[in-house]
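One structure below.
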Amino acid sequence: MFSNISWGEMLILLVAALVILGPERLPGAIKWTGQTLRQVRDYATGATAQLKQDLGPEFDEIRKPLEQLNELRSMNPKSMVTKHLFDGDDSFLTGNFDKPVSSPNSNYGSFSMSKEQKPLERNERPPLDPDAT
């Protein structure tokens with residue numbers, strides 16, 4: 001419920017409540033708010049249980065479209081690409097791109113700067129890669 005509120009914002013709300021209500025009424029207000037939230041949560045849980053009991057197996061059929069809708073809400077471009085193109089494996093997107101790609105069948109990365117190589121001197125020509133030209 002409060003997943004979008006950071007600790008700094010909670011502190012500001014607490015200070016504002018302390019200024020508005022005063023130190024003598026603040027504990028009672030916090031207690032009342034906690035009881036009200038607990039009661040609302042119990043009502044929601046009871047309503048869900050009542051619907052599940054009344055509808056039986058049809059309840060799961062109703063929940064499927066809602067779960068699909070929640071899944072679509074959580075989609076962003078990165079998650080959509082990883083889900084459809086990489087079958088949910090996002091290691092390609094979170095990997096280290098500084099390292100050259102090397103495979104046994106290719107010479108990719110052979111002209112990359114390694115630890116032994118030094119930067120080019122002034123007026124020095126870079127090595128020529130015939131495959132790239």
Side-chain angles (χ1 to χ4, degrees):
M1 180 174 182
F2 295 110
S3 62
N4 294 338
I5 299 176
S6 68
W7 286 106
E9 293 168 340
M10 289 290 272
L11 183 66
I12 290 172
L13 288 174
L14 185 64
V15 169
L18 183 62
V19 169
I20 293 170
L21 296 175
E24 57 276 344
R25 289 190 287 176
L26 185 62
I30 291 174
K31 182 179 176 183
W32 177 83
T33 304
Q35 288 174 346
T36 304
L37 286 175
R38 191 174 311 113
Q39 190 175 17
V40 166
R41 187 174 48 224
D42 290 342
Y43 286 148
T45 304
T48 304
Q50 183 69 31
L51 275 173
K52 189 180 264 188
Q53 182 182 9
D54 290 346
L55 295 176
E58 296 172 355
F59 183 75
D60 292 330
E61 293 175 14
I62 292 173
R63 286 188 62 114
K64 286 179 187 177
L66 294 175
E67 289 173 359
Q68 290 173 350
L69 181 63
N70 283 336
E71 184 179 328
L72 287 176
R73 284 183 181 165
S74 67
M75 280 290 183
N76 57 35
K78 180 180 176 182
S79 64
M80 192 175 299
V81 166
T82 57
K83 180 180 177 187
H84 293 290
L85 295 181
F86 302 117
D87 294 325
D89 180 25
D90 67 344
S91 63
F92 173 78
L93 297 174
T94 59
N96 188 359
F97 292 110
D98 296 334
K99 296 179 182 176
V101 177
S102 62
S103 66
N105 298 333
S106 69
N107 289 334
Y108 296 128
S110 62
F111 288 102
S112 66
M113 185 177 289
S114 66
K115 292 182 181 178
E116 300 91 33
Q117 291 178 340
K118 58 182 181 178
L120 296 176
E121 296 294 326
R122 186 177 179 118
N123 295 330
E124 184 180 356
R125 298 189 80 178
L128 180 65
D129 183 6
D131 294 331
T133 55

Gap separating the [atom1] atom of [X] from the [atom2] atom of [Y], nearest 0.5 angstrom:
X     : Y     : atom1 : atom2 : result
Arg25 : Leu18 : CZ    : CG    : 11.5 Å
Leu55 : Gln50 : CG    : CD    : 9.5 Å
Glu58 : Lys52 : CD    : NZ    : 14.5 Å
Ile62 : Leu51 : CD1   : CG    : 7.5 Å
Ile12 : Ser6  : CD1   : OG    : 7.5 Å
Leu37 : Trp32 : CG    : CH2   : 8.5 Å

Which residues satisfy the side-chain contact (heavy atoms from CB on, under 4.5 Å) test with Gln68, sequence neighbours excluded? none
Grouping I, L, V, M, F, W and Y whenever their side-chain heavy atoms are under 4.5 Å apart, do Leu13 and Ile30 come out in a common cluster?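 Per the 4.5 Å side-chain linkage, Leu13 and Ile30 are not co-clustered.
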Using a 6.0 Å cut-off, check whether atom CD of Glu9 has over 12 heavy atoms from anything other than its own residue.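 Enclosed.
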Which pairs pass side-chain hydrogen bond (donor to acceptor under 3.5 Å, both in side chains) with one or both residues in residues 34-43, sequence neighbours excluded?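 As it turns out, the side-chain hydrogen bond (donor to acceptor under 3.5 Å, both in side chains) pairs with a partner in residues 34-43, which skip direct neighbours, are Gln39-Tyr43.
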Where do Arg125 and Leu120 come nearest, in terms of heavy atoms and distance? O-CD2, 4.3 Å
